[in-house]
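Heads up, the thing below is written out as C-alpha cells.
Model, not experiment: these values are computed from the prediction. In the text below, chain A, chain B and the rest are named by the order of the sequence lines, each starting its count at 1.
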Amino acid sequence: MPQAWNQALVRIASAKDPNALPTDDRVLFYDDRTITIYDKFAKAQYHFLVLPRIPFKLANGRDKGNPAQAPPALSAANGKLTLGSTSSNVVPASHLRNISALMTSPYVVEVLAAVREASDRVLDHIRDDMQRKHGVTWSIERAFHAVSSMEHLHLHVTSMDLVSDRLKHKKHYLSFVPTVDFAQRLDDVDKMVAEGRQALPKSERAYENLLKGPLTSHHTGQRFKFFSELKAHLESHWRHTVLAQGETGPETHAESTASKRAASIGAEEHSTSRRKVESHQPESTSGPNATESDTDEEPALPLR
DNA sequence: GTTCTAGAAC
DNA sequence: GTTCTAGAAC
C-alpha cells in the first residue's frame with residue numbers, strides 16, 4: 001500500500017481499544033471521543049496530538065450551539081431508521097480529515113468541544129510534569145496546522161521552548177510559532193466557527209508560503225540568518241531564561257531533581273509555589289552553546 | 001510526515 | 001560553508 005505514512009493517525013484514531021495499539025504509538029490517554037498520543041517526532045520538550053476518534057459518536061439529544069449548522073434531520077419513517085446507511089449517530093470520518101473539512105461540517109462545534117476538553121487535560125499533564133521536573137512552567141500552544149500532510153485531524157499541544165533534536169528545518173519552526181499564521185490556535189478556530197466561517201481565511205498556497213518567511217524568534221523578535229543560530233537561541237532561551245526561573249525557588253538545585261521527583265510521586269499538592277515564565281525579554285546575546293537534553297518521559301496512562 | 005541525495009544559489 | 005529546492009522512497 002503506497003503512502004501508508006500519512007494514514008498513521010487514521011489508524012490510531014480508529015482503534016477500538018487504544019490500549020491494544022502498538023507500544024510505539026505511545027498513547028498518553030484517551031476518552032470516549034478522543035485519543036491523545038505523543039508526537040512521534042516531537043518538535044519541543046512537550047508535544048502531543050489530540051485526535052478525535054473514529055467513529056466519533058454524537059451526544060444524544062439535540063445539538064447545542066450553532067442552529068445555522070444543525071445536523072441534517074433524519075427522515076425516519078415511524079421513528080425507525082430506514083436505509084442502509086448504518087448509523088447517522090456519528091460524525092462521518094470525511095469531516096475529520098483536516099481542519100478545513102471540519103469547518104464545513106455541521107458537527108464542528110461538538111468535535112472542537114471534545115478536542116478542547118481532552119486538550120485541557122493535556123495542559124494539566126504537561127504543567128504538572130514541567131513543575132515536577134523543572135520547578136517552573138512555561139507557555140504551551142494548542143493549534144491545528146493550516147495545512148497538514150497527515151490525514152486525520154490532529155490538535156498539536158506543544159510547549160513553546162521548541163527545543164528538540166527533531167526540529168530540523170525552518171518550516172518546522174515556522175509551523176509552530178504563534179507569530180506565524182500557519183499554526184491556527186484552537187481559540188481562534190473556535191472564534192471563526194462562532195462567527196459562522198466555514199473556511200480558513202487564506203488559501204493552502206498562502207499558508208504554505210508562510211513557511212518560507214523569515215526566521216524570527218517568537219521570544220525576542222530577533223532575526224536569524226541561519227537555522228542553526230535560531231536553534232542555539234531557542235536552547236539558550238529555554239535554559240537560561242525559562243529553566244533558570246525554576247532554580248531560584250525554595251529548593252536549591254543541589255538535590256533538586258531527585259527530591260522534587262520523590263516529593264511529587266503520588267502527591268497532588270505541588271501547585272503551591274508554581275511559577276510561570278512568560279518571556280518577552282530580549283536576552284543578552286549568547287553564543288551558540290548547545291547541549292544535549294533528554295527528557296525521560298513517564299509511562300502512558302489510560303483514562304479511567 | 002521522515003530520510004536521503006543532488007545540484008543550484010546565497 | 002550553509003540553505004533551498006526537488007525528487008524518490010515499495
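Ring orientation note: the planes of His125(A) and Phe29(A) are nearly perpendicular, at an angle over 60° on the 30°/60° scale. Trp238(A) and His134(A) have perpendicular rings, their planes meeting at more than 60° on a 0 to 90° scale where under 30° would count as parallel.
Checked against the 6.0 Å centroid criterion, the rings of His145(A) and Phe176(A) qualify as a close aromatic pair.
Between Asp190(A) and Arg116(A) there is a salt bridge, since at least one side-chain N of the basic residue sits less than 4.0 Å from a carboxylate O of the acidic one. A salt bridge links Arg239(A) to Glu235(A): one of the charged nitrogens lies within less than 4.0 Å of a carboxylate oxygen.
Within the 4.0 angstrom heavy-atom criterion, only backbone atoms of the sugar-phosphate kind lie near Lys170(A); the bases stay farther away. Within 4.0 Å (heavy atoms only), His172(A) reaches sugar-phosphate atoms of the nucleic acid but no base atom. Residue Lys225(A) is classed as having no contact, given no heavy-atom separation below 4.0 Å to the nucleic acid.
Taking Asp25(A) as the reference, Arg11(A) meet the salt bridge (charged side-chain N to carboxylate O under 4.0 Å, His left out) condition, with sequence neighbours excluded.
Of all nucleotides in DNA chain C, those with any atom nearer than 4.0 Å to a heavy atom of chain A start and finish, going 5' to 3', at dT2(C) to dC4(C).
With a cut-off of 3.5 Å on both pairing distances, dC10(C) has no Watson-Crick or G-U wobble partner at all.
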